[in-house]
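Heads up, the thing below is written out as structure tokens.
Numbering starts at 1 and runs along the sequence shown. Order of listing sets the numbers, starting from 1, for every ligand and every atom in it. Side chains are part of it too, since the values below use all heavy atoms of this structure and drop only hydrogens, waters and symmetry mates. A quick note: this is a predicted structure, and the numbers were derived from the prediction, not measured.
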Amino acid sequence: MNLDGKVAVVTGAGRGLGRAYAEALAAAGARVVVNDLEGAQEVADAIGGVAAPGAVGSTETAEALVEAAVSAYGRLDVMVTNAGVLRDKVLWKMTDEDFDLVVATHLRGTFTCARAAAIRMREQGEGGRIVVVGSPAGQYGNFGQTNYAAAKAGIVAFARTWAMELGRANVTVNAIVPTAWTKMTETIPIYAPLVGRDEFPPEVRREHALGGPEDCAPLVVYLASDAAAGVTGQAIGIGGDRLSLYSHPAEVAHELRDGGWTADAIAEVFGSFPAQPVGVRLPELDLS
Ligand SMILES: NC(=O)c1ccc[n+]([C@@H]2O[C@H](COP(=O)([O-])OP(=O)(O)OC[C@H]3O[C@@H](n4cnc5c(N)ncnc54)[C@H](O)[C@@H]3O)[C@@H](O)[C@H]2O)c1
């Protein structure tokens, strides 16, 4: 994959997945603007890019990131909205602050950065790429993640909406659903047996789709490339050895009733509908 001549912004790229995306984009030839609250300069120096530190969420930061790309490199081709934060609590313990920080960073940060990118890409008139970041929690729901699951589900809905709105401008918009061993996942209780391991067994890489951040980066490079010009509005999973495609939500059953439904009539048929599961479901992790 050759990204020579392309200019990318990656938010939250001071460590973890964002850093891996920035490194892989630069290795493929792109020039990269590295954003994070901290660590942006170090990553920018390591990959020969430009640092644009700051907290995503606000319009000011989003516009500053696009401006950083334009003033350093003259253009913007790829926006990767990766910055993220967790404040996990069950619903009845979640504070307004927990909710607002997660929504402001993920949902609002994705909105403001993608909007600033879309404005610039439409002005350039040469198409572009917006890669937004979902999560299995957003696809299925996850215990303790009211704020995060809602924000991540909303981000996938952004991708489907923006794929339509930006199609004429040849700007593709896709949601990636990554899974990787980072500061964000290393505290998940079922993964405690993996702490301190340099390599994960094939079962973990395949069934749990869990490896290092570098395992997820090739999807971002692919989506940024000319090879992915026809790919838009998709939710694509990657992690460890696994690449996957998520369905759009679809009707799985229906019944018709002339003149509409009564509560009693619904009660009569509802039991025949297959109950849909909730929550991320992973195989048991047995590393013995
Ligand atoms: N690790 C996984 O398995 C996984 C799974 C699903 C989704 N994700 C998503 O991938 C993205 C990266 O996660 P990660 O695992 O690398 O986590 P991480 O915590 O290692 O990295 C997140 C980075 O975002 C930065 N950040 C936080 N708030 C910011 C803000 N307001 N502005 C700018 N930067 C900010 C942090 O400083 C950090 O460097 C997140 O959106 C996360 O939700 C990760």
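- Looking at A151, C113, G84 and measuring to atom 24 (O) of ligand 1, the nearest heavy atom belongs to G84.
- Considering backbone and side-chain atoms together, K152 places an N or O closer than 3.5 Å to an N or O of ligand 1.
- No N or O atom of P136 sits closer than 3.5 Å to an N or O atom of ligand 1.
- For ligand 1, the atoms closer than 4.0 angstrom to any heavy atom of N82 are 10 (O), 11 (C), 12 (C), 40 (C), 41 (O).
- The proximity of T182 to ligand 1, defined as any non-hydrogen pair under 4.0 Å, is limited to the side chain.
- Under 4.0 angstrom from ligand 1, the non-hydrogen atoms of V133 all belong to its side chain.
- For D215 (side chain) and G212 (main-chain N/O), a donor-acceptor pair under 3.5 Å exists by modelled atom type.
- Close contacts between ligand 1 and T179 involve ligand atoms 3 (O) [criterion: under 4.0 Å to a heavy atom].
- D36 OD2, 3.5 Å is the protein heavy atom nearest to atom 38 (C) of ligand 1.
- In summary, the atoms of ligand 1 found under 4.0 Å from a heavy atom of G54, numbered by their order in the structure, are 32 (N), 33 (C).
- The CD1 atom of I238 sits 11.5 Å away from atom OH of Y222, with the distance rounded to the nearest 0.5 Å.
- The H106 neighbourhood of ligand 1 comprises atoms 41 (O), 43 (O), with distances under 4.0 Å to a heavy atom of that residue.
- For T11 (side chain) and N35 (main-chain N/O), no donor-acceptor pair under 3.5 Å exists by modelled atom type.
- In N35, the part holding a heavy atom less than 4.0 Å from any atom of ligand 1 is the side chain.
- When only interatomic distances are considered, the shortest N/O to N/O separation between G134 and ligand 1 does not fall below 3.5 Å.
- When atom types are taken as modelled, the side chain of T105 and the backbone of V102 share no donor-acceptor pair closer than 3.5 angstrom.
- Under 4.0 angstrom from ligand 1, the non-hydrogen atoms of Y148 all belong to its side chain.
- Contacts with ligand 1 closer than 4.0 Å are made by heavy atoms of both the backbone and the side chain of L17.
- The heavy atom nearest to atom 6 (C) of ligand 1, considering only P213, P178, C216, is found in P178.
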